[in-house]
Amino acid sequence: QVQLIESGGGLVQAGDSLRLSCAASGRTRSIYPMSWFRQAPGKEREFVAGVSRAGTITSHADSVKGRFTISRDNAKNTMYLQMNSLKPEDTAGYYCAASGRVGGVSTRSGDYEYWGQGTQVTVSS
């Protein structure tokens with residue numbers, strides 16, 4: 001089993017920054033790509049950013065390119081999402097996801113079998 005715990009969310013103003021963290025525990029040797037997804041009320045869950053096992057391949061959704069940066073530190077079993085220039089439309093629950101069965105980076109939520117409980121990011125105008 002793998003457990004994922006997100007942290008770092010909060011209430012900020014437009015233009016501010018936040019750094020989200022996702023700490024993995026359990027059978028972490030089985031973890032390959034990790035990604036961030038977000039979901040706002042009434043909307044579908046959407047891919048935000050993903051990173052491969054070694055951290056050498058990353059992918060960012062068009063809506064966050066140039067503002068958000070994903071990274072991981074395998075020595076700490078932790079993935080990060082640096083969020084800069086936050087906008088009200090970034091308001092959502094942010095979820096950490098990990099896969100032990102796919103390689104590279106996937107943007108499909110169905111490819112991830114491990115999920116965190118989510119951390120709320122609220123951006124006021």
Side-chain angles (χ1 to χ4, degrees):
Q1 180 69 293
V2 174
Q3 293 79 43
L4 304 174
I5 301 177
E6 305 97 331
S7 62
L11 174 62
V12 298
Q13 294 184 329
D16 285 353
S17 297
L18 283 173
R19 189 197 196 203
L20 305 184
S21 297
C22 173
S25 61
R27 300 182 184 274
T28 56
R29 269 184 166 266
S30 299
I31 296 299
Y32 291 95
M34 297 181 72
S35 291
W36 290 97
F37 289 79
R38 68 185 182 187
Q39 187 168 28
K43 293 188 176 182
E44 298 282 337
R45 181 166 295 188
E46 65 175 341
F47 173 82
V48 177
V51 59
S52 64
R53 178 69 177 89
T56 55
I57 303 172
T58 61
S59 180
H60 297 79
D62 289 343
S63 60
V64 305
K65 284 181 179 177
R67 299 189 298 120
F68 293 6
T69 303
I70 192 170
S71 63
R72 69 191 295 169
D73 185 341
N74 289 338
K76 298 180 179 179
N77 293 319
T78 302
M79 175 179 67
Y80 305 96
L81 185 67
Q82 180 64 47
M83 309 165 70
N84 298 328
S85 301
L86 283 162
K87 304 175 180 179
E89 50 263 45
D90 294 319
T91 296
Y94 283 71
Y95 298 86
C96 174
S99 177
R101 61 194 182 192
V102 299
V105 176
S106 175
T107 63
R108 301 176 67 254
S109 62
D111 285 337
Y112 297 87
E113 66 262 45
Y114 304 111
W115 293 83
Q117 81 287 351
T119 185
Q120 179 67 32
V121 173
T122 302
V123 185
S124 63
S125 59

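- For Tyr112, the side-chain hydrogen bond (donor to acceptor under 3.5 Å, both in side chains) criterion is met by Ser35, not counting sequence neighbours.
- When hydrophobic clusters are built by joining Ile, Leu, Val, Met, Phe, Trp and Tyr residues whose side-chain heavy atoms come closer than 4.5 Å, directly or via intermediates, Val12 is grouped together with Met83.
- Ring-plane geometry between Phe37 and Phe47 is classed as perpendicular, the angle between the planes exceeding 60 degrees on a 0 to 90 degree scale with a lower cut at 30.
- Annotation: the span from Thr107 atom OG1 to Glu46 atom CD amounts to 11.5 Å, rounded to 0.5 Å.
- There is a path of hydrophobic side-chain contacts, each under 4.5 Å, that joins Leu81 to Val64.
- Atom CD1 in Ile70 sits 12.0 Å away from atom CD in Gln82 (nearest 0.5 Å).
- No more than 12 heavy atoms of other residues, nucleotides or ligands shown are found within 6.0 angstrom of OH on Tyr32.
- Smallest separation of non-hydrogen atoms from Ser59 and Val105: CB-CG1, 3.9 Å.
- For the pair Lys65 and Asp62, the salt-bridge criterion is met [side-chain N within less than 4.0 Å of a carboxylate O].
- Here the side chain of Thr56 pairs no donor or acceptor atom with the backbone of Ala54 at under 3.5 angstrom.
- Using a 4.5 Å cut-off between side-chain heavy atoms of Ile, Leu, Val, Met, Phe, Trp and Tyr, with links allowed through other members, Val2 and Leu20 fall into the same hydrophobic cluster.
- A pairwise comparison of heavy atoms in Arg53 and Thr28 identifies NH2-O, 4.4 Å as the closest pair.
- Looking at every heavy atom in both residues, Ser85 comes nearest to Arg67 through O-NH1, 3.1 Å.
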side-chain contact (heavy atoms from CB on, under 4.5 Å) assessment of Glu113 paired with Ser99:
CA-CA 6 Å; Glu113 66 262 45; Ser99 177; 3.3 Å; yes

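- In the hydrophobic cluster analysis, where Ile, Leu, Val, Met, Phe, Trp and Tyr join through side-chain heavy atoms closer than 4.5 angstrom, Val51 is grouped together with Leu18.
- Of all heavy-atom pairs between Arg101 and Asp111, the closest is NE-O, 3.9 Å.
- Here OG of Ser109 is found 9.0 Å from CD of Glu44. Values are rounded to the nearest 0.5 Å.
- Closest heavy-atom contact between Lys87 and Val123: O-CB, 3.3 Å.
- Between atom OG1 of residue Thr91 and atom CG of residue Leu86 there is a gap of 8.5 Å, rounded to the nearest 0.5 Å.
- Taking each heavy atom of Met34 and Cys22 in turn, the nearest pair found is CE-SG, 3.9 Å.
- For the pair Val121 and Arg38, the minimum side-chain heavy-atom distance is 4.5 Å or more.
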As a quick check of understanding, evaluate side-chain contact (heavy atoms from CB on, under 4.5 Å) for Trp36 and Cys96, giving each step before the final call.
CA-CA 5 Å; Trp36 290 97; Cys96 174; 4.1 Å; yes

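- At distances below 3.5 Å, not a single donor-acceptor pair connects side-chain atoms of His60 with backbone N or O atoms of Gly66.
- Atoms OG and OH, on Ser7 and Tyr94 in that order, are 15.0 Å from each other to the nearest 0.5 Å.
- Side-chain contact check for Ser21 and Glu6: no donor-acceptor pair (N or O, by modelled atom type) lies under 3.5 Å.
- Atom CZ of Arg108 sits in a sparse spot, with 12 or fewer heavy atoms from other residues, nucleotides or ligands closer than 6.0 Å.
- Counting non-hydrogen atoms of other residues, nucleotides and ligands closer than 6.0 Å to CZ of Arg27 gives a total of 12 or fewer.
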